[in-house]
Amino acid sequence: MSEAMIITSPTTGDDWELVIGLEVHAELATVTKMFSGAPNVFGGEPNTNIDPVTLGLPGSLPVVNGRAVELGIRVGLALNCTVARSTFARKNYFYPDMPKDYQISQFDEPLNIDGFLELPDGQRAGIERAHLEEDTGKSTHQGGDGRIHGAASSLVDYNRAGVPLIEIVGRPDLTSPEQARAYVSELRSILVAIGASDGKMEEGSMRVDANVSVRPVGDPELGTRCEVKNVNSLRSLVRAIEYEARRQVDVIEAGERVHQETRHWDEEHGRTRAGRSKEGAEDYRYFLEPDLVVLDPSAEWIESIRAAMPVLPAERRARLAAAAGVTSAQVALHVERDLDGLALAAIEAGADPGRALNHIEHNLAVDGAGDLDVAHFTALVQLELDGSITPTQAKQVLAEMVEGGAHPEVIAKAHGFEAMSTADLESIVDGVIAASPAEWDDFVNGDDKTRGKLTGFFVGRVMKSSQGKADGKAVTALLNQRRAGV
Amino acid sequence: MSGSDGSGSASLAAAPPMGTAATIAAGVRSGELSARVVIDAHLAAIEAREPHVHAFNLVLADEARTAADEIDRRVAAGDDPGPLAGVPVALKDNLCTRGIATTCSSRILDGWQPPYDATVVQQLAAAGAVAVGKTNLDEFAMGSSTENSAFGPTRNPHDPSRVPGGSSGGSAAAVAAGFTPIALGSDTGGSIRQPAALCGVVGLKPTYGLVSRYGLIAFASSLDQIGPFATTVADAALLLDAIAGHDPMDSTSIPGPVPSYSTTLDRGVAGLRIGLITQLMGEGIAADVAARVRQAAEALEAAGATVGEATIPAIEYGLSAYYLIAPAEASSNLARYDGVRYGLRVDAPTTAEMMTATRTAGFGAEVKRRIMLGTYALSAGYYDAYYGKALKVRTLIIRDFAAAYEQFDLLLSPTSPTTAFRFGDKTADPLSMYLNDVCTIPTNLSGDAAISVPFGTGDDAMPIGVQVLAPALGEVPMLRAASVLEAAAPTPGIAVLGEVVR
Amino acid sequence: MSERITRDDVAHVAFLAKLAVTDAELDEYTSQLAAVLDHAADVESLDVADVAPTAHPFPLSNVLRPDVLGATLDRAEVLGQAPSVEDGRFRVPAILGEEP
């Protein structure tokens, strides 16, 4: 289980804990936009993926994209939410990248409510809601240093305006930056697995805002939170949360109050900065969108979506863990790499679970590993298990199997890989010992450090002599036997 | 007919030069009538009288002639251009017409050319109609007199010293002045029916969702509807046929097929139960108007209907609910006019300042008033007391209408509390202007259908309109009742220089 | 002048709606808006606690469109109507403040 982060103040020695809730916006993988038939594509010449609705031209009207709703429901089901009767609302504010100067979103009655996300380590993080809305256009700033402050003018591109978004609001259940990272990573895996989004933080198709607050350990009251934006990678997320938490502790301990505000992560300088103050808090004047009607998915529709859902990462972990006799957390990596299918099949074909999982974890982080023939993989694991080839040899054979697809026995034979007989090994080891009497003397009589170094020396010589066929572990065992006078 | 009070303001009212839309279409389709000849005649009428009426923001003389020539070519080639073949039509200037200026009579959209056509505009073209111009309106459809237009008011053709009503004053005047036999307007709180009554023409607000709003520049989304103006009920029905029906581009568009409105008009009202709305026949309604409505009730009885008293108690709160709901939606719908993408821009060093300067310069006083009122009604702390409550009042109005429609098939009331007033009479006090809509607003709130039929004149010899109301999708019986009233009207049709023309 | 809406209220909503008003206009608008709200006060006295709000006159639901490409606009036609254009984009003056 991942642990909560505790910040111990260097000045007072008091312990503080973090409370983190994440808001994730993901672009849905539809062909067209949320409320019109304009194309939903990344990139492209500015202002080419537009129609009257995208630009909010006078007289234009929104019509809901049924596929976006279907994907929205999939997300809700994958996050164990209740899919509800929902309505659309207008969020009113002026900003040049918003063509209507209001955003159509969901407010009082969102599509999905009250779910949870199961993290790889088994912990659950609450999901408050996941609702549909439209994306805004993008502005680039000219003059100054290219950032918004100090720019003389801005250029607006509406290609992205109207792209369907799902906003997933997590409850403040997370307690450490690493846990937040695991949450985002798992959420991304889910979104990709169900085909809802491609979840690329670097491309902006998945955006994460972190709500962070601190409180003395054990205090049930929540502290004032700040929203941290402009986090563009998992690494930044971890850094930003930790920075912000420490900043808040410093503020409180200096006798001041944390202001509830939006802060921006500055990756270059490794700190959060307060957003430029707006004159007065925003009043969005939410009201029901009069151009759209109620969304009330039937139980049949929801069930058909549920029935067609692919297997989710949590279930895949559980399956492989059960088959291999280990915990879900121990197979998280295998599922993440999409190699659990291979592992499961190999284990079911009789391969030793430990070795199979080990190979996948350490030796198969390459392209094409997923295409590996199950029978061949199983055979390889068996060869290693019965000692026909050494672990080192197995790694090499595996690499060639991925590349060429041949049977491991064929490859091993081509290389002349066979485990050595004990007698052959002993004679090579004895030969190497005899050839280096001074080193052998140091090995026998020297301290642990010397012995460690010389083990490497002797193993190296043996490997050379045996053209790599010796098993390193067996060599080391033999050296120690000889030293003990056996 | 000369000026109502002997002031000498000569009437500019006239019948359209070539009769009704039905007559024209039949003639053009059969090849007997040239669409070009039709258009030229109407353009001549416009040329003669439009400078005194100012019904139009833009006259499309060249485009209309070209379109008419094309109709004639098609007919000659054996094509049928459609049920409105060659019929000149005027379009309210809040309907998007591709490549043609669409201003909403506002400085903020002065010169803007939409890159797309409204659905109704496409439908009219498909039916063979020929657009001859964009008509004047109260800015962004907010008003009851067309005095709020940024380009000057339209004059009531019956008496140019008086208003034509609003907000679709230009479309009503275009028909009353004989510039076109039919026109399209929009109705949010009475903006088709009230000017129709004041100008002595037929004006119809369809059931909400019957006609597509795609391409209608929005004022209040849950109240706006596009509808026909005409000199006859039959022409209004013909125009409604062309524009009614489901549109996938409008989420609030009623699904399913629609009946034909123009083929069952003559079936009369025998056996129909008609309720005269008590709340709209009392204080606040001019005596001469009320008298005409009673006369209309008698005419319906004579035609075989039974007339009783209907009560819609919640109507009393209709005006208040409307003047919270409509501005609230409008304040949001008009946010997009910010100088960024189209229309007026007043430059400034920052975007926020540019937006403010643009909107301040671009919007007139009434539009600003309603935006502020609407913003207030939606703002934090006031939502429940104002907007939220108004939505509940709406429910009460719908319930009361539903109860009335259990007793009656149709309802009857005045359209406007008075005949056309003079310019400047009500501009000092916005509230006095809002009171013009008391008879029409309730049907916008309920979403039901209603029609204003000319029925005689008032003490000042100005036209009076009588309103027939129907439950949602009740246009067919409503039009039948309207036909009966039209036939029985004391001053049938439009009078021209003493001659009576139907 | 009524207490129903104050000069400060009007100044605030004008700001929210991006409308600049002069002092004289502020006075005028305040009294006009107050009069309208006074008239609407009759609504306040109604007991509508048990009444559900109606946002739409017609109770439609589940109006959805298929995820199929529709017609797009010609960029030149659109940008030709724009007040200021650069590099195929809409040009605006300096934007202060981040997106809410």
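In this text the structure is predicted, and so the values were computed from the model without any measurement. Just so you know, these numbers use all the heavy atoms, side chains as well, and skip hydrogens, waters and symmetry mates. Below, chain A is the first sequence line, B the second, and so on; all start at residue 1.
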If you check both backbone and side chains, which donor-acceptor pairs between chain B and chain C fall under 3.5 Å?
residue: B:Arg98; atom: NE; partner: C:Glu77; partner atom: OE2; Å: 3.2
residue: B:Arg98; atom: NH2; partner: C:Glu77; partner atom: OE1; Å: 2.8
residue: B:Gln113; atom: N; partner: C:Gln81; partner atom: OE1; Å: 2.9
residue: B:Ser320; atom: OG; partner: C:His39; partner atom: O; Å: 3.4
residue: B:Ser320; atom: OG; partner: C:Asp42; partner atom: OD1; Å: 2.9
residue: B:Ser320; atom: OG; partner: C:Asp42; partner atom: OD2; Å: 3.4
residue: B:Arg345; atom: NH1; partner: C:Arg91; partner atom: O; Å: 3.1
residue: B:Arg345; atom: NH2; partner: C:Arg91; partner atom: O; Å: 2.8
residue: B:Pro349; atom: O; partner: C:Ala94; partner atom: N; Å: 3.4
residue: B:Thr351; atom: N; partner: C:Ala94; partner atom: O; Å: 2.8
residue: B:Thr351; atom: OG1; partner: C:Pro93; partner atom: O; Å: 2.7
residue: B:Arg359; atom: NE; partner: C:Ala17; partner atom: O; Å: 2.9
residue: B:Arg359; atom: NH2; partner: C:Ala17; partner atom: O; Å: 3.1
residue: B:Thr360; atom: OG1; partner: C:Ala20; partner atom: N; Å: 2.8
residue: B:Arg369; atom: NH1; partner: C:Gln32; partner atom: OE1; Å: 2.6
residue: B:Tyr376; atom: OH; partner: C:Arg4; partner atom: O; Å: 3.1
residue: B:Lys389; atom: NZ; partner: C:Glu44; partner atom: O; Å: 2.9
residue: B:Lys389; atom: NZ; partner: C:Leu46; partner atom: O; Å: 3.3
residue: B:Leu391; atom: O; partner: C:Thr54; partner atom: N; Å: 3.0
residue: B:Lys392; atom: NZ; partner: C:Val48; partner atom: O; Å: 3.4
residue: B:Thr395; atom: OG1; partner: C:Ala52; partner atom: O; Å: 2.5
residue: B:Thr395; atom: OG1; partner: C:Thr54; partner atom: N; Å: 3.3
residue: B:Thr395; atom: OG1; partner: C:Thr54; partner atom: OG1; Å: 2.6

Exercise. Examine whether an atom of B:Leu378 lies under 4.5 Å from a heavy atom of chain C, and if so say whether it belongs to the side chain, the backbone or both; otherwise answer neither.
Key: neither
Self-check item: chain B contact via C:Ala76 - side chain, backbone, both or neither, heavy atoms under 4.5 Å
Solution: neither
Quiz item: If you tally heavy-atom pairs under 4.5 Å against chain B, which of C:Ala52, C:Ala71, C:Gly70 wins?
Solution: C:Ala52
Exercise. Select, from C:Val78, C:Val63, C:Leu19, the one with the greatest count of heavy-atom pairs under 4.5 Å involving chain B.
Key: C:Leu19
Quiz item: Do you know which of C:Val21, C:Leu73, C:Leu64, C:Val92 has the most heavy-atom pairs with chain B at a distance under 4.5 angstrom?
Solution: C:Val92
Quiz prompt | Contact class of B:Leu334 relative to chain C, heavy atoms under 4.5 angstrom | solution = neither
Quiz item: Of the backbone (N, CA, C, O) and the side chain (C-beta and beyond), which part of B:Met372 lies under 4.5 Å from a heavy atom of chain C, both, or neither?
Solution: both
Quiz item: Above 12 or not: heavy atoms from other molecules or residues under 6.0 Å from CE of B:Met249?
Solution: no
Quiz item: For the residue pair B:Gly447 and C:Pro57, what are the closest heavy atoms and their distance?
Solution: CA-CB, 3.7 Å
Exercise. Examine whether an atom of B:Pro248 lies under 4.5 Å from a heavy atom of chain C, and if so say whether it belongs to the side chain, the backbone or both; otherwise answer neither.
Key: neither
Self-check item: Note, B:Pro255 side chain near C:Leu60 side chain (heavy atom, < 4.5 Å)
Solution: yes
Quiz item: Heavy-atom distance under 4.5 Å between the side chains of B:Ile371 and C:Val13, does that happen here?
Solution: no
Quiz item: For the candidates C:Ala41, C:Ala17, C:Ala20, which exhibits the highest count of non-hydrogen atom pairs separated by less than 4.5 Å from chain B?
Solution: C:Ala20
Quiz item: Which heavy atom in C:Ala55 sits nearest to a heavy atom in B:Leu391, and how many Å separate them?
Solution: CA-CD2, 4.3 Å
Exercise. Identify which part of B:Ala365 has an atom lying under 4.5 Å from any heavy atom of chain C, answering side chain, backbone, both or neither.
Key: both
Exercise. Under 4.5 Å, counting heavy-atom pairs only, tell me which of C:Val85, C:Leu46, C:Leu33 racks up the most with chain B.
Key: C:Leu46
Practice problem: Write down the atom of B:Val340, the atom of C:Pro83, and the distance for their closest heavy-atom approach. | Solution: O-CD, 3.6 Å
Quiz item: So which part of B:Ala352 gets closer than 4.5 Å to some heavy atom of chain C, the side chain, the backbone, both or neither?
Solution: both
